Amino acid sequence: MNVVTRFAPSPSGYLHIGGARTAIFNYLFAKKHSGKYLVRIEDTDKKRSSEKAIEAIHKGLSWLNINSEYEIIYQSQNFSSHIKIAYELLEKNLAYKCFLNSNELQELRLKSREKGIPIKSPWRNRKDQNEDKNREFVIRLKMPSEGTTTIDDIVQGTVTIKNEILDDMVILRSDNTPTYMLSSVVDDNNMGITHIIRGDDHFNNAFRQIQIIKYLNWNIPYYAHIPLIHGTDGAKLSKRHNATSLFAYKDLGYTSEAMFSYLLQLGWSAKNDEDYFVDRATKLFTLEKVNKSPAKFDLKKLNNINSKNLNNMKVSDVYNLVANRFQLQLNDDEKKRFIALLPELLKRVQVYTDLEKEFDWLFQKDFFCKDKNNQIELQKNNLMLIEIGTNLKKCKWSIENIKNCLNQYILKNSLTFKDIGPILRMALTGKTTSPDLVSIIYELGCTITLNRLNYNYQYKIKSK
RNA sequence: GGUCCCUUCGUCUAAUGGUUAGGACUCAGCCCUUUCACGGCUGCAAUAGGGGUUCGAAUCCCCUAGGGAUCACCA
């Protein structure tokens with residue numbers, strides 16, 4: 001079987017992480033079966049669609065590296081074929097015109113809800129459909145009212161409902177535009193979609209949409225309704241939860257690989273041994289291993305995956321990421337220094353944007369410690385720093401020599417590294433924590449190191 | 001409220017009738033150590049509850065409880 005899947009977002013906001021995950025599942029399933037993965041923008045509701053949102057979807061998919069290699073389909077461009085189908089159903093008496101106005105409808109809706117039954121328009125069985133030429137109408141599908149409908153969902157299993165709960169849904173609006181319920185089915189058929197992989201919030205829709213397919217004698221696709229992502233409160237992820245836009249995470253400093261891996265394992269796992277990045281996931285992916293129950297979004301786990309990913313990436317790639325994000329304008333020397341220390345710095349952050357805290361001491365030419373208390377401490381130890389500086393000046397610049405130089409100073413003065421470490425660190429980085437001092441001294445270079453160690457001199461210049 | 005779905009450590013999950021119910025994240029402790037991290041080791045912690053079926057149930061069935069989704073001329 002030639003598998004064809006589609007990711008069909010509506011461009012009414014930004015790319016949601018739930019949507020992103022749906023896209024990932026569609027992508028992986030198609031790839032696994034050497035099939036086609038298509039993207040269709042569901043812009044049937046013009047009022048709620050925007051160019052900006054469409055752009056955001058494309059950018060999001062690009063970022064995750066799960067773009068479709070085929071042409072993007074815009075649902076609104078297929079309106080005429082959807083409308084044609086609506087009228088075809090009307091002609092076959094499988095749909096009907098409903099002239100209910102909004103007040104009547106509202107009343108009907110309340111009544112139906114009270115009784116716990118679906119909306120039944122009185123127009124369903126009226127014969128005078130064409131008499132009110134000037135009144136607005138919608139076209140409703142004539143749902144079967146008896147029997148049952150069964151869907152063998154790949155993820156959710158076999159589910160059967162009674163047809164009597166199906167409502168006569170609107171397929172064509174009064175302004176002659178098709179609704180999602182119609183468009184989606186028609187497009188899926190035209191596109192030859194074999195597997196519909198979408199959020200579980202569509203499961204109820206499947207029972208309604210499948211009626212159109214049956215009426216038209218089209219092929220019934222396989223369905224896979226994947227569980228939703230929940231917030232920590234256990235409810236479907238929505239605007240009231242913190243960051244739900246994919247790009248919010250990009251901005252926070254998460255890598256696309258980490259997002260991909262995390263989103264994927266929220267509901268899917270093959271062997272439960274390690275994180276899945278795209279190559280491995282493509283080989284192992286099966287819909288049968290998708291869990292039925294919703295998963296809560298857990299930032300701590302994401303942090304962990306991101307951190308691992310950051311440390312496994314090529315250093316130059318991380319550098320590019322950071323340089324890009326912070327618009328770093330570094331000369332060759334500074335770039336070399338940054339790249340050399342990057343692996344160590346990365347062990348200390350979970351998102352690469354946190355590296356920003358290292359920029360000041362790493363690159364500032366005239367860096368000196370600004371913290372008042374620490375300044376006093378540095379001034380007190382000025383002589384020690386200068387002496388260490390003098391010793392360093394004499395040594396041939398290598399990791400080994402710098403290490404020996406410091407050790408000799410310690411030995412000579414009957415000290416331990418703990419006696420000089422904190423002071424040195426403060427003078428060189430302005431911080432109480434940092435990577436290994438020897439490598440910092442080595443990477444800063446002799447000139448910069450001596451400048452920073454000569455604290456009083458620096459301080460005087462800055463205080464002027 | 002109707003309909004449908006779900007329920008294994010706090011979180012993500014493994015275990016398709018037989019395991020001391022496993023792993024990962026988080027957390028705690030220890031080791032390593034010039035600080036902070038990394039890393040290594042150890043620990044805390046779960047089958048929602050109740051009935052069946054069975055020699056044997058997290059796993060199959062029923063009930064209860066809890067949670068979720070959906071009920072638009074949105075998608």
Side-chain angles (χ1 to χ4, degrees), chain A residues 8-13 42-45 47-49 75 98 100 102 105-106 109 112-119 136-140 151 153 155-157 159-162 164-167 169-181 183-184 198-208 225 227-228 230 232-236 262 265-275 288-289 291-305 307 311 343-349 406 410 416-422 424-426 429 431-438:
Chain A
S10 65
S12 55
E42 309 233 313
D43 52 351
T44 49
D45 186 1
K47 280 166 282 189
R48 292 168 59 147
S49 305
Q75 193 153 63
C98 166
L100 249 29
S102 60
L105 198 58
Q106 183 62 20
R109 192 175 292 137
S112 304
R113 179 121 190 209
E114 227 172 77
K115 290 185 191 163
I117 55 169
I119 293 180
E136 284 197 334
F137 64 87
V138 299
I139 295 183
R140 290 181 182 275
I151 290 181
D153 192 277
V155 172
Q156 302 294 333
V159 179
T160 300
I161 57 108
K162 291 196 182 91
E164 63 197 41
I165 68 153
L166 266 13
D167 68 322
M169 65 188 181
V170 174
I171 54 176
L172 199 73
R173 301 189 185 97
S174 55
D175 63 359
N176 205 44
T177 59
T179 60
Y180 157 80
M181 284 298 181
S183 296
S184 174
R198 72 222 305 195
D200 192 32
D201 49 345
H202 283 288
F203 198 36
N204 290 296
N205 289 337
F207 291 95
R208 305 203 283 161
H225 287 93
L228 303 177
H230 281 180
T232 42
D233 61 348
K236 174 178 159 181
Y262 179 63
Q265 69 177 258
L266 229 40
W268 179 82
S269 133
K271 290 180 176 172
N272 192 28
D273 51 355
E274 51 185 284
D275 298 324
E288 284 76 12
K289 293 291 273 183
N291 274 309
K292 294 173 91 166
S293 54
K296 288 181 186 168
F297 193 86
D298 181 22
L299 205 60
K300 284 175 178 161
K301 183 84 176 182
L302 210 209
N303 280 335
N304 179 264
I305 293 174
S307 157
N311 283 287
E344 274 305 310
L345 293 173
L346 281 177
K347 287 180 188 165
R348 291 155 173 82
V349 299
L406 293 181
I410 289 167
T416 68
F417 211 109
K418 285 182 181 166
D419 298 316
I420 66 163
L424 267 178
R425 179 167 291 110
M426 190 55 67
T429 70
K431 292 155 65 88
T432 54
T433 65
S434 79
D436 166 54
L437 277 170
V438 175

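Convention: sequence-line order gives letters A, B, ...; per-chain numbering from 1. Computed from a predicted model, the values in this text were never measured in an experiment.
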For [X], check salt bridge (charged side-chain N to carboxylate O under 4.0 Å, His left out) against everything at least two apart and list the hits.
X         : value
Arg348(A) : Glu344(A)
Asp153(A) : none
Asp298(A) : none
Lys301(A) : none

With sequence neighbours left out, what residues match [X] under side chain to side chain contact (heavy atoms under 4.5 Å, CB included)?
X         : result
Asn204(A) : none
Leu299(A) : Tyr249(A), Tyr254(A), Phe297(A), Leu302(A), Asn303(A)
Gln106(A) : Arg109(A), Leu110(A)
Ser174(A) : Glu136(A), Val138(A)

Exercise. In whole angstrom, what separates Glu288(A)'s CD from A15(B)'s P?
Worked result: 14 Å
Problem set entry | Phosphate-side-chain proximity, Lys296(A) and U13(B), N/O vs OP1/OP2 below 4.0 Å | no
Exercise. Do the side-chain N or O atoms of Asn291(A) get closer than 4.0 angstrom to the phosphate oxygens (OP1, OP2) of A14(B)?
Worked result: yes
Produce the list of close N/O pairs, under 3.5 Å, pairing protein atoms with atoms of nucleotides 60-66 of chain B; give distances to one decimal.
none

Any protein N or O atoms within reach of nucleotides 40-48 of chain B? Criterion: under 3.5 Å, listing atom names and distances.
none

Please list, for nucleotides 70-73 of chain B, all pairs of protein and nucleotide N/O atoms separated by less than 3.5 Å.
residue	atom	partner	partner atom	Å
U70(B)	OP1	Lys236(A)	NZ	2.5
U70(B)	O4'	Asn204(A)	ND2	3.3
C73(B)	OP1	Arg109(A)	NH2	2.7
C73(B)	O2	Ser174(A)	N	3.0
C73(B)	O2	Ser174(A)	OG	3.0
C73(B)	N3	Ser174(A)	OG	2.9

N/O to N/O distances under 3.5 Å, protein versus nucleotides 25-29 of chain B:
residue	atom	partner	partner atom	Å
C25(B)	O3'	Asn304(A)	ND2	3.4
U26(B)	O2'	Lys300(A)	NZ	3.3

Problem set entry | Span that lies between the P atom of C63(B) and that of A21(B), in whole angstrom | 29 Å
